[in-house]
Amino acid sequence: MSISEHSYLAYETFHNFSRQAKIILLHPRSRLRSLVLARLLADSSVAAFYYALDIDDINLRNFLAGIMGSMAGQHVTFGRQLNLLPQKALEDPSRQMDLILRTFIAELTELAEGEFCLVLDEFDRADRADEVQRFVERLSHLTPERCKIVLNGRSLPRMPWLAMIAKGHAVILRDSDIVRDDIYDNRNDEGASLKVLSMGPGSVFLNDYLLDNWEGHLPRLLLFFAMDRPEVTRNQICETFWPNLTLDQAVNVFHVTKRRLHKAIGMDVLTHDGICYRVDPDRPFYFDVFEFVEALLEGRHGEPDDPFALWQRVANLYRGPYLQGHNGVWIEERRDAYQLAYVEALENIADLWEARESYELALHTLTRALDTDFSREEIHLKLLRLYLRLGRRAEAVAHCRQLERWAKSSRVKLGAQVRQLYADITA
């Protein structure tokens, strides 16, 4: 197969998967990523806006100045609203992050009426720019669905890809395939002596013994936080765990916490390359989220011999809410993402039970899904239709009443399909 044919297949893969996510990462080891970008920018059917990060984009201020200058040449009004912000906001945008994000999103919405891509090339130039990485991560969550952010660079951005993938928010592409395993280049070893289980209360086992000598909860949470991303900087850790301390104070507490982590496990589990920390790739370990996300991706995009067994495996790996009993913005974000994936697994299991005409098991599984997340209208629709299929109208009416009470108390307007089915059932 010629290089042109390979690049065509890679671009088709990009085109197919870009519809399913808000942020698309071209894996650093993709041999064809430059050709994929070239095809994207040359494709007249796609509205694409391009910015290659500059070597000076080491903070959010420089990044914003650079992208405003570049984008103004592609869309004449881009930057108008950002330039109207108070000068102090533009001089130190990291302290006005919410305001900058809202304004930047307002700029994006004016770029095109339909779907479009924002391409951030040479993104590895932000390797040391925590502010830029945090900005792009948050931007990808808040942009309208019609905006797709495409990242290309020589390194894996320091973002929580596991949770973003689980949520259906991100995909990582390598040439003509989606990355489904070894997402952080760490081979998950189920037989490893160190086992880190985050689904549920959060437990760490060493040689099958539960570790409980943490000297506080922070050392254990530091391990989970480090597992969560490809790598993290010290500043990322300090801003997450001790945002109200000065940097010097936070650094001191961090070193104490790291020593307690290593003492509890009996080894230096975090390595430092001069810039970033990561879980030592030379020490075998098992992290349940890796297996959870890899099984999830296989269910979504693979061709498993036994789909039921695979989705059941995803559901079984979810032993409870992520780090149950702990609080924190980053924990709650991961918790919501993995809960969404768990409900997705239950919904697929219910569909497979129904296909086998095992209707009671399908009903039971749908009920479990709603017990986890009662807001999922598509699952209410499936449950109500299944009740009607089985001739159990009274139960369908009772569920409609329950749904009506929930919507009223939650101040949620039900969708058109739910309202119509609700009217048909209660008529």
Side-chain angles (χ1 to χ4, degrees), residues 14 17-18 21-30 33-34 36-37 40 49-60 62-64 66-67 93-94 97 100-101 104 117-143 147-175 178-186 225-237 239-240 271-279 281 289-290 293 297 329-330 333-334 337:
F14 169 85
F17 284 108
S18 64
K22 292 179 68 175
I23 185 165
I24 303 99
L25 173 66
L26 302 181
H27 196 279
R29 289 206 301 273
S30 297
R33 54 191 175 87
S34 296
V36 169
L37 274 191
L40 172 64
F49 300 89
Y50 177 88
Y51 177 61
L53 272 70
D54 189 81
I55 57 173
D56 292 328
D57 288 346
I58 57 175
N59 55 45
L60 186 55
N62 291 357
F63 171 78
L64 290 172
I67 196 170
S94 63
M97 183 71 81
I100 296 294
L101 276 166
F104 195 91
C117 293
L118 174 64
V119 178
L120 299 178
D121 200 4
E122 305 288 348
F123 198 74
D124 52 285
R125 287 177 171 166
D127 279 353
R128 300 192 182 194
D130 290 343
E131 296 174 3
V132 175
Q133 301 244 354
R134 184 168 70 253
F135 178 81
V136 173
E137 178 189 336
R138 291 187 61 188
L139 180 68
S140 70
H141 287 280
L142 299 172
T143 52
C147 174
K148 310 295 182 181
I149 297 175
V150 182
L151 301 184
N152 183 46
R154 290 176 288 271
S155 60
L156 201 61
R158 296 189 309 275
M159 297 180 189
W161 294 105
L162 297 173
M164 292 164 73
I165 290 169
K167 192 177 180 180
H169 177 79
V171 293
I172 302 177
L173 303 179
R174 185 186 295 140
D175 295 330
I178 187 170
V179 174
R180 286 184 284 191
D181 53 25
D182 299 334
I183 296 169
Y184 294 169
D185 294 328
N186 285 327
F225 185 76
M227 289 272 186
D228 182 65
R229 300 168 184 254
E231 53 189 13
V232 292
T233 63
R234 188 182 63 186
N235 283 352
Q236 279 182 300
I237 294 169
E239 288 175 2
T240 300
T271 63
H272 189 236
D273 63 5
I275 301 174
C276 296
Y277 290 90
R278 65 178 299 187
V279 178
V289 173
F290 279 127
V293 173
L297 285 169
V329 173
W330 71 276
E333 288 176 350
R334 310 302 178 269

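The first residue of the sequence shown is numbered 1, and numbering continues consecutively from there.
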- Give, for atom CD1 of Ile100 and atom CG of Leu139, the distance between the pair rounded to the nearest 0.5 Å. 12.0 Å
- Task: For Phe225, enumerate each residue passing the ring-ring contact (aromatic ring centres under 6.0 Å, His included) test, keeping only those at least two apart in sequence or located in another chain.
- Result: Phe241, Trp330
- Please tell me if the side chains of Asp273 and Glu231 come closer than 4.5 Å, counting only heavy atoms from C-beta onward. yes
- Does the Lys22 side chain pair with the main chain of Thr143, one donor and one acceptor, at a distance under 3.5 Å? yes
- Query: Would a 4.5 Å heavy-atom cut-off, applied to side chains only, mark Arg154 and Glu122 as touching?
  - Reply: yes
- Message: How long is the straight-line distance from CG of Leu142 back to SG of Cys147, given to the nearest 0.5 Å?
- Response: 11.0 Å
- Item | Smallest separation among heavy atoms of Lys148 and Ser18, with atom names | CE-O, 3.1 Å
- Spell out, as yes or no, whether a donor-acceptor pair under 3.5 Å connects the side chain of Gln133 to the backbone of Arg158. yes
- Query: Between the main-chain N or O of Leu53 and the side-chain N or O of Arg125, is there a donor-acceptor pair closer than 3.5 Å?
  - Reply: yes
- Task: Flag the pair Arg278 and Asp185 as a salt bridge only when some basic side-chain nitrogen lies within less than 4.0 angstrom of an acidic carboxylate oxygen.
- Result: no
- Task: Would you name the heavy atoms of Val293 and Leu162 that are closest together and state the gap between them?
- Result: CG2-O, 3.7 Å
- Can you name the ring-ring contact (aromatic ring centres under 6.0 Å, His included) partners of Tyr50, sequence neighbours left out? none
- Query: Are the side chain of Asn62 and the backbone of Asp56 linked by a donor-acceptor contact shorter than 3.5 Å?
  - Reply: yes
- Which value, rounded to the nearest 0.5 Å, describes the distance between Trp161 atom CH2 and Leu25 atom CG? 4.5 Å
- Indicate yes or no: at least one non-hydrogen side-chain atom of Glu333 is less than 4.5 angstrom from one of Pro160. no
- For Ala129 and Asn59, work out which heavy atoms get closest and say how close. CB-N, 4.2 Å
- Query: Do you know which of Val136, Val150, Asn152 makes side-chain contact (heavy atoms from CB on, under 4.5 Å) with Phe123?
  - Reply: Val136
- Note, Arg174 side chain near Val179 side chain (heavy atom, < 4.5 Å): yes
- About how many Å separate CZ of Arg180 and CD1 of Ile172, when rounded to the nearest 0.5 Å? 13.5 Å
- How about Arg234: does its CZ atom have over 12 heavy atoms from other parts shown lying under 6.0 Å from it? no
- Between Pro157 and Pro230, which heavy-atom pair has the shortest distance, and what is it? O-CG, 3.6 Å
- Message: I need the Leu156 CG to His27 NE2 distance, nearest 0.5 Å.
- Response: 5.5 Å
- Can you check whether Leu60's main-chain N or O pairs, donor with acceptor, with Ser94's side chain at less than 3.5 Å? no
- So, do Ser30 and Val36 sit near enough that their side-chain heavy atoms are less than 4.5 Å apart? no
- Work out which heavy atom in Leu297 is nearest to a heavy atom in Ile165; give both atom names and the distance. CD2-CG2, 3.6 Å
- Message: Using side-chain heavy atoms (C-beta onward) and a distance below 4.5 Å, is Leu120 in contact with Ile67?
- Response: yes
- Under the side chain to side chain contact (heavy atoms under 4.5 Å, CB included) rule, collect the residues that match up with His141, sequence neighbours excluded. Glu137, Met164, Lys167, His169
- Task: For Asp54 and Asp57, indicate whether the former's side chain and the latter's backbone hold a donor-acceptor pair under 3.5 Å.
- Result: no
- When rounded to the nearest 0.5 angstrom, what is the spacing between CG in Asn235 and CD1 in Ile275? 12.0 Å
- Query: What pair of heavy atoms forms the shortest contact from Val132 to Ala126, and how long is it?
  - Reply: CG1-CB, 3.9 Å
- Backbone N or O of Gly153 within a donor-acceptor pair of the Arg33 side chain at under 3.5 Å? yes
- Task: Give a yes or no answer on whether the side chain of Tyr184 reaches the backbone of Phe290 with a donor-acceptor pair at less than 3.5 Å.
- Result: no
